[in-house]
Amino acid sequence: MSAKNVTVRYFAVLRDRRGLGEETLSTESDTVGDFIRELVVRYRLDLAPALIRAAQDGSFVDDSTPIRDGAQIVLVPPVAGG
Amino acid sequence: MFQLSHEPLIPWPVASDSAGGFVTFEGKVRNHANLRQVLRLEYEAYDDLAISEGEKLVAEAVERYRLESATVVHRVGLLEVGETAVIIQTAAAHRREAFAGCEWILDQLKHRVPIWKKEYYADGDSGWVGADAPGPNPELEAQLTQRQRRLAEIGDDGQVRLKAARVLVVGTGGLAAGCLPYLAAAGVGQLGLIDDDLVDLSNLHRQILFTVEDVGRLKVERAAQFVNRLNPTVEVHRHAERLTEVNADRFVASYDWIVDGSDNLPTKFLLNEACRRHGKPLVTASVHGFEGQLLTVQPDGPCLRCLFPTAPASRCVGTCAENGILGVVPGILGMLQANEVLKGILGYGELLSHRTLLLDLRSGETMSLSRTANPGCPVCGGGTDISDPCEVASMSEAHARLGVFIVVDVREPDEEPTISCDHVRLPFSTLDDLPEGNLVVVCETGTRSLRVAARCLAGGRTNVVSLRGGVASLAEYEPR
Ligand SMILES: [Zn+2]
């Protein structure tokens with residue numbers, strides 16, 4: 001395992017719960033799925049990790065995708081309002 | 001005098017020293033027509049024309065029957081069985097003229113005044129009866145759409161395609177407020193509106209099809225009126241009901257494009273499935289605070305559940321009422337939805353069928369994230385439908401999943417009433433450690449309790465669930 005630096009953007013309810021829209025982080029997580037779980041616990045995002053989708057460098061990816069050092073990650077929860 | 005009224009009609013007192021005969025006729029909605037059971041009626045009028053024609057008719061009756069006065073008030077909008085549709089009142093020196101004049105007005109009214117009647121039947125069907133519905137008006141249409149037909153991408157051919165198109169807008173709230181006016185103005189031939197909700201003052205900051213005067217009225221009715229004022233040539237179908245698993249297929253099958261303007265995830269998912277079954281394209285959008293998200297689902301492209309294969313509990317991200325919403329956000333997203341539909345019908349540009357558009361109205365920034373079909377999608381792939389692991393729908397489901405458990409109430413100390421079964425009270429705002437063992441967490445609505453359960457799950461604890469529906473769902477629970 002090696003630390004990777006990533007920029008994370010939080011959308012909708014995740015932004016509310018994180019209290020900010022964007023940050024740069026260092027993570028030891030290997031995959032996108034691990035990274036989501038790590039952030040949910042660390043920042044009390046209060047959403048089942050299975051409900052959060054991640055885009056890496058402009059494309060939605062599945063949870064098994066390796067995290068790329070220097071990646072731009074967008075975390076997207078379900079959004080309900082209309 | 002001739003008037004139209006959106007409000008229930010009540011006969012008014014009459015007085016005149018010189019008249020000896022007063023006739024008041026009340027026409028009411030009855031529960032059957034042509035051997036079919038009728039549930040309600042709907043009257044729609046071209047207001048200005050109806051009033052000017054009605055005034056002429058009343059003047060003619062006064063002249064013809066030497067009436068001292070004649071007054072007609074006709075209801076418009078949705079009427080239930082038993083409600084008064086029209087009141088005609090005549091006054092004359094003698095009873096004979098008063099009766100005859102009243103009856104003549106009633107007969108003439110149906111033929112001469114442009115008020116249309118729609119009957120809603122018990123079998124779910126409905127239809128316009130009597131006079132024809134607002135008819136084609138090619139000249140008006142041509143003038144209304146003149147500037148857009150100048151675009152090479154549209155032209156006369158495109159306008160014909162728009163006229164032939166049928167678009168269903170589910171929900172007539174904030175997204176529809178952005179979407180509907182532009183679809184109508186562009187000359188979409190038929191618009192279907194579904195919503196069982198009534199206008200509330202708290203809607204108006206974003207649902208700008210409505211005014212303060214509309215509070216308490218059916219949204220579909222007022223939205224339809226807005227649309228027909230903007231473009232009288234659009235045929236509007238109003239469905240004052242909720243979209244359900246029972247009626248979704250019928251609605252979706254009858255339209256060419258579906259716009260999701262709903263405010264909840266179950267409806268969005270229901271539409272996604274129904275559109276997939278019927279091969280109909282869907283434009284879905286949702287909003288949160290200052291942000292919005294938009295995507296188009298093509299019958300052969302990635303769907304909404306490709307993105308969210310696990311069905312979230314409906315309260316997992318709260319509602320507009322809980323989170324708050326800036327009015328322009330659904331307005332802008334709704335306009336973008338209209339643009340997607342127009343793109344689809346006219347064939348210009350590129351649909352958001354393989355991307356999701358995210359908008360942040362604080363910064364004005366947009367992100368367009370590409371997405372692909374998910375082989376594990378429960379709707380269009382081979383996956384099974386898994387629901388949010390953090391929630392149970394009932395106490396019996398909690399028993400089935402956990403066996404023995406402790407109930408934890410996370411409402412704040414000032415929230416009442418206290419629940420009657422054995423429980424532990426740990427307010428959400430100060431919540432830190434939870435008891436060991438199996439837990440069923442409850443709150444008022446099921447939103448905060450779901451957060452607690454999700455927090456536990458993320459921390460590796462799988463024996464904590466939230467009760468859907470909050471304390472109300474505890475009511476039927478009898479501890480053993
Ligand atoms: Zn899918």
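Because only heavy atoms are used, hydrogens play no part in the values below, and waters and symmetry mates are left out as well, while side chains stay in. Numbers restart at 1 for each chain; the letters A, B, ... are given by sequence-line order, proteins then strands.
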Nearest 0.5 Å, please: how far is [atom2] in [Y] from [atom1] in [X]?
| X | Y | atom1 | atom2 | result |
| --- | --- | --- | --- | --- |
| B:Asp360 | A:Arg15 | CG | CZ | 5.0 Å |
| B:His288 | A:Leu14 | NE2 | CG | 8.5 Å |
| B:Leu369 | A:Arg53 | CG | CZ | 10.5 Å |
| B:Leu450 | A:Leu47 | CG | CG | 8.0 Å |
| A:Gln72 | B:Met367 | CD | CE | 9.0 Å |

Inset, instruction - Measure A:Asp57 against the heavy atoms of chain B and call it side chain, backbone, both or neither at under 4.5 Å. - result: neither

Inset, instruction - Sort A:Ala50 into side chain, backbone, both or neither according to what part of it lies under 4.5 angstrom from a heavy atom of chain B. - result: both

Leading residue by heavy atom contact count with chain A [cutoff under 4.5 Å; candidates [options]]:
| options | value |
| --- | --- |
| B:Pro266, B:Cys456, B:Gly292 | B:Gly292 |
| B:Gly289, B:Ser286, B:Ala454 | B:Ser286 |
| B:Ser370, B:Gly174, B:Gly334 | B:Ser370 |
| B:Asn264, B:Leu307, B:Leu265 | B:Leu307 |
| B:Cys390, B:Ser363, B:Pro330, B:Cys316 | B:Cys316 |
| B:Arg206, B:Gln293, B:Glu291 | B:Glu291 |

Legend entry - Leading residue by heavy atom contact count with chain B [cutoff under 4.5 Å; candidates A:Val74, A:Leu45, A:Val61, A:Ile36]: A:Val74

Legend entry - Among the listed options A:Gly21, A:Ser59, A:Pro78, the residue most often paired with chain B at heavy-atom distances under 4.5 Å: A:Pro78

Which answer fits [X], side chain, backbone, both or neither, if we ask what part of it has an atom under 4.5 Å from a heavy atom of chain A?
| X | result |
| --- | --- |
| B:Ser262 | backbone |
| B:Arg355 | neither |
| B:Glu365 | side chain |
| B:Ile325 | neither |
| B:Cys306 | backbone |
| B:Ser368 | backbone |

So, for [X] and [Y], which heavy atoms are closest and what is the spacing to 0.1 Å?
| X | Y | result |
| --- | --- | --- |
| B:Leu359 | A:Phe11 | O-CE1, 4.1 Å |
| B:Gly459 | A:Val41 | N-CG2, 4.0 Å |
| B:Leu457 | A:Ala48 | CD2-CB, 4.0 Å |
| B:Arg371 | A:Phe60 | CB-CD1, 3.8 Å |

Inset, instruction - Check the pair B:Asp388, A:Leu51 against side chain to side chain contact (heavy atoms under 4.5 Å, CB included), reporting the backbone distance first and the verdict last. - result: CA-CA 8 Å; B:Asp388 195 330; A:Leu51 301 181; 3.2 Å; yes

Inset, instruction - Verify the neighbour count for atom CZ of B:Arg362: are there more than 12 heavy atoms of other residues, nucleotides or ligands below 6.0 Å? - result: yes

Legend entry - Residues, nucleotides or ligands: over 12 heavy atoms within 6.0 Å of B:Leu204 CG: yes

Inset, instruction - Using a 4.5 Å cut-off on heavy atoms from C-beta on, say whether the side chain of A:Val76 contacts that of B:Leu358. - result: yes

